[in-house]
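Since the model is a prediction, treat every value here as computed from it, not as a measurement. To find a chain, count down the sequence lines: A is the first, B the second, and so on, and within it residues start at 1. Because only heavy atoms are used, hydrogens play no part in the values below, and waters and symmetry mates are left out as well, while side chains stay in.
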Amino acid sequence: MKREFALLGFMGSGGALSKIHELIREMQVSRVMTANVFTLSPDATMKELEDLLREHHISGVPVIENQELVGIVSIEDLIHALENQQLDTPIHEYMTSKGLITAHAQEPVMEALRRFEHTGIGRMPVLDARGKLVGIITRGDITIALLGALQELYTEAEAMQQRPQHFFDALESENTSLLLRYRIEKGNFARGGDASAKIKRALLRIGASPQLARRVAIATYEAEINLIIHANDGGLILADIQPTEITIVAQDSGPGIADVDLARQPGYSTATPEVREMGFGAGMGLTNIERCTDRMSLWSAVGVGSRLQMTFKVSPEETGETSDDD
Amino acid sequence: MKAREIVEQLGWQVLAGADHLENEVSGGYAADLLSCVMAGAEAGHLWITLQTHTNIVAVASLLGISAIVVAEGAPVPADTVQKAEQQEMPLVSSPDPVYQTIAQLIKLGI
């Protein structure tokens, strides 16, 4: 269940932030704490404490008597003992035993973090539901755990961005596709190629090879320009991207093509002289499209409209994946 | 040879995309009909043309052209220069007609 939410989290803006929030609120102390905790008895000497701290590079130790937590002793207490030259003194004279602040194994890290903030202490013994000592937690433990979780999050997000397979694999359905829609304005040559460029960029971003993206871009550009030149009210371009096949549909609501076979002949064009002056109207558009697509169908009726459907197969070489880095 | 070296050796004027001339030039293509360019030009090519309206930028960037070369010093509209700058597409101007421009490129081994 959490998994799906996490995936959605990657896509929205601020996804990472809400993920950190979720981590702090939901991550339990037991996941962050050090479980194999060193302990000392109240009768051990401050010298024994010094040796333990030095040997294990730690800064504090819970004090246990008859399997009960009776106090906590830290490097600050050791400094006091050193100042007083009392290293042979038993720990119970220096340890903190009254008003011991502890954390609970099952509580959220957020709660533990608040207690650190309010009390200014450096570490808390962690108790289970029966009050038995099960670990110790420091602010550093929380930082390391959060950074680790964040790192994991970023690595996953990065992989998602770069691999179309991962992108599609994460979404379960009988047949998953990504649908992009673009409205094309009649006569707006200044924006000619915008939809094609956006489709090309989208394909590259989800991991298509440059060759595939180029094939799709060239065919889509020709279709886009046809809509700008000929369609009465402009038209619509739909890109349906699936893991194994990409389909681009360009459709309009008129004027319609009188003779589709003639329109498909290389060099045939009905473009006006003004349009030809800009370099369009060579009558090569549909020829170019056919060359770039794996399948193309053109339907048209005068007074109704036209629908051009172009299909591109995604061959394994065209996914942009390199086989040796998986 | 990089686009920058060609532009410097032939003394062409850079109109846009001066920071994006590090592309290796793999060849060239000359035509003014955009569909022909779409069919014939390859990624990495220089495209020599007399067309100057904004659509040349869209075509060139879709194809991955390394630089658009406007021949005969033809005046290029400001919106084309602006679009080329936006899309990081190098746009340069050769004072010579298309034929001589190509001849100079061939001399350089392009």
Nearest 0.5 angstrom please: B/Leu34 CG to A/Met278 CE, how far?
9.0 Å
Side chain / backbone / both / neither for B/Thr54 at chain A, heavy atoms under 4.5 Å:
side chain
How far does OG of B/Ser35 sit from CG of A/Asn226, to the nearest 0.5 angstrom?
8.0 Å
Set out, in order, the CA-CA distance, both residues' side-chain angles and the distance that settles side chain to side chain contact (heavy atoms under 4.5 Å, CB included) for B/Leu62 and A/Ile218, then state yes or no.
CA-CA 7 Å; B/Leu62 282 172; A/Ile218 291 175; 5.9 Å; no
If I take atom CZ from residue A/Phe280 and atom CD from residue B/Gln51, how far apart are they, to the nearest 0.5 angstrom?
8.0 Å
Rounded distance [0.5 Å steps], CZ in A/Arg214 versus CD in B/Glu42
6.5 Å
Check each atom of B/Ala43 against the heavy atoms of chain A and say whether the ones under 4.5 Å are side chain, backbone, both or neither.
both
When rounded to the nearest 0.5 angstrom, what distance separates CE in B/Met38 from CD1 in A/Ile289?
10.5 Å
Side chain, backbone, both or neither of B/Ile56 within contact of chain A (heavy atoms, under 4.5 Å):
neither
Option in A/Arg276, A/Glu277, A/Lys200, A/Arg191 with maximal non-hydrogen atom pairs under 4.5 Å from chain B:
A/Lys200
Segment of B/Asn55 engaging chain A (4.5 angstrom heavy-atom cut-off):
both
Can you tell me how far the CG atom of A/Asn288 sits from the SG atom of B/Cys36, to the nearest 0.5 Å?
8.0 Å
Top residue by heavy-atom pair count (under 4.5 Å) with chain B, among A/Ala213, A/Gly193, A/Ala190?
A/Ala190
